[in-house]
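All ligand and atom numbering here is 1-based and tracks the order in the structure. Computed from heavy atoms alone, side chains included, the values below leave out hydrogens, waters and symmetry copies.
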Amino acid sequence: MRRQFVAGNWKMHGNLAGNAALLGDVVAGVGTAPCEVAVCVPFPYLGQCRQLLEVSNIALGAQDCSVHSSGAHTGEVSVAMLQDFGCRYVIVGHSERRADHHESDSLVAAKAERALEVGMTPIVCVGESLAERESGETATVVLRQLQAVTHLLGGQTAGIVVAYEPVWAIGTGRTATAAQAQEVHALLRAHLRKVSEAAGEVRILYGGSVKPDNAAELFAQPDIDGGLIGGASLKATDFLAIAGAAHDKRP
Ligand code: 13P
């Protein structure tokens with residue numbers, strides 16, 4: 001059984017007062033969510049959010065990690081540091097980092113490996129740009145991105161979460177249709193099945209303009225196991241409504 005999973009990616013949003021209000025409402029309302037819930041917050045707020053989540057079963061995550069374990073790497077944050085703050089998840093390879101920081105497939109794969117080494121779950125993001133979709137390259141791009149990770153892990157994929165986030169759907173209000181998303185999720189699942197016996201257990205999330213009014217249809221697709229939520233995770237009622245649209249899946 002794959003337990004559905006809804007994770008918020010706050011991106012570079014938040015402040016001390018706002019985080020307390022948002023998580024106060026999320027914690028108060030999450031009680032009956034039929035899925036696992038996590039929030040991936042900016043580094044400086046990990047300590048604050050850890051405390052705010054202590055009374056809940058909501059997991060804490062970060063939005064990136066260093067590929068290095070420690071050392072002279074100014075500005076970097078290691079997986080051990082994230083673990084120190086109680087992070088269970090770390091997003092790696094988000095398209096905004098691939099674009100803003102020129103992160104390569106092999107760097108993203110190595111970050112996923114660092115996370116697994118310390119027992120944290122990497123949420124590995126893959127997704128094509130609009131130009132790549134329009135030129136028929138979606139499958140090639142997302143499989144290349146995923147394969148970099150599965151190759152480095154030698155098929156030991158049981159500990160990862162994958163997030164399919166078409167770049168053209170992020171923050172644009174233009175969601176992939178449930179059928180478009182399912183088609184790509186099925187491709188990703190087929191690749192995982194080829195390289196690992198645990199493929200049926202790996203959760204593949206959809207991300208890109210998930211809102212309360214489209215979450216249920218997306219999450220009902222056979223290979224969509226929840227969502228990675230950007231903008232809507234900053235509003236407690238929306239985030240809770242999205243989590244409420246999830247349900248468990250048989251592998
Ligand atoms: P939006 O939900 O704001 O489109 O962002 C999706 C995303 O990038 C989550 O990682």
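Electrostatic pairing of Asp84 and Arg50 does not count as a salt bridge here, judged by no charged N lying under 4.0 Å from a carboxylate O. Under the 4.0 Å criterion applied to side-chain N and carboxylate O atoms, Asp105 and Arg144 are assigned as salt-bridge partners. Taking a cutoff of 4.0 Å between a charged side-chain nitrogen and a carboxylate oxygen, Arg98 and Glu103 do not qualify as a salt bridge. Salt bridge Arg2/Glu201: absent, no basic N to carboxylate O contact under 4.0 Å.
Every atom of ligand 1 is numbered from 1 in the order shown, and the set under 4.0 Å from a heavy atom of Gly208 is 4 (O), 6 (C). With ligand atoms numbered from 1 in the order given, ligand 1 contributes 1 (P), 2 (O), 3 (O) to contacts under 4.0 Å with heavy atoms of Gly231. With ligand atoms numbered from 1 in the order given, ligand 1 contributes 6 (C), 7 (C), 8 (O), 9 (C), 10 (O) to contacts under 4.0 Å with heavy atoms of Glu165. Every atom of ligand 1 with a heavy atom of Lys11 under 4.0 Å away is listed here by number and element: 5 (O), 6 (C), 7 (C), 8 (O). Below 4.0 Å from some heavy atom of Gly171 lie the following atoms of ligand 1, by number and element: 1 (P), 3 (O), 4 (O).
For the pair His102 and Arg97, the minimum side-chain heavy-atom distance is 4.5 Å or more.
Here Ala169 has backbone heavy atoms under 4.0 Å from ligand 1, and that is the only part of it that gets that close. With a 4.0 Å heavy-atom cut-off, ligand 1 is reached by the side chain of Asn9 but not by its N, CA, C or O.
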For a salt bridge (Lys or Arg N to Asp or Glu O under 4.0 Å) check, start with the C-alpha distance between Asp25 and Lys235, then their side-chain angles and the critical distance, and finish with the verdict. CA-CA 9 Å; Asp25 289 346; Lys235 203 172 154 201; over 6 Å; no
Please determine whether side chain to side chain donor-acceptor pair (under 3.5 Å) holds for the pair Trp10 and Gln63, giving the CA-CA distance in whole Å, both sets of side-chain angles, and the decisive distance to 0.1 Å. CA-CA 8 Å; Trp10 287 5; Gln63 299 172 15; over 6 Å; no
Would you check, one step at a time, whether the test ring pair (Phe, Tyr, Trp, His ring centres under 6.0 Å) holds for Tyr89 with Phe5? CA-CA 12 Å; Tyr89 295 99; Phe5 181 29; 4.7 Å; yes
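Of the candidates Ala232, Cys40, Ala163, Ser209, it is Ser209 that places a heavy atom closest to atom 1 (P) of ligand 1.
No N or O atom of Ile170 sits closer than 3.5 Å to an N or O atom of ligand 1. For ligand 1, the polar-atom distance check finds no N/O of Leu228 at less than 3.5 Å from any of the ligand's N/O atoms. An N or O contact shorter than 3.5 Å links His94 to ligand 1 by distance.
Looking at atom 2 (O) of ligand 1, its nearest protein heavy atom turns out to be Gly230 N, 2.9 Å.
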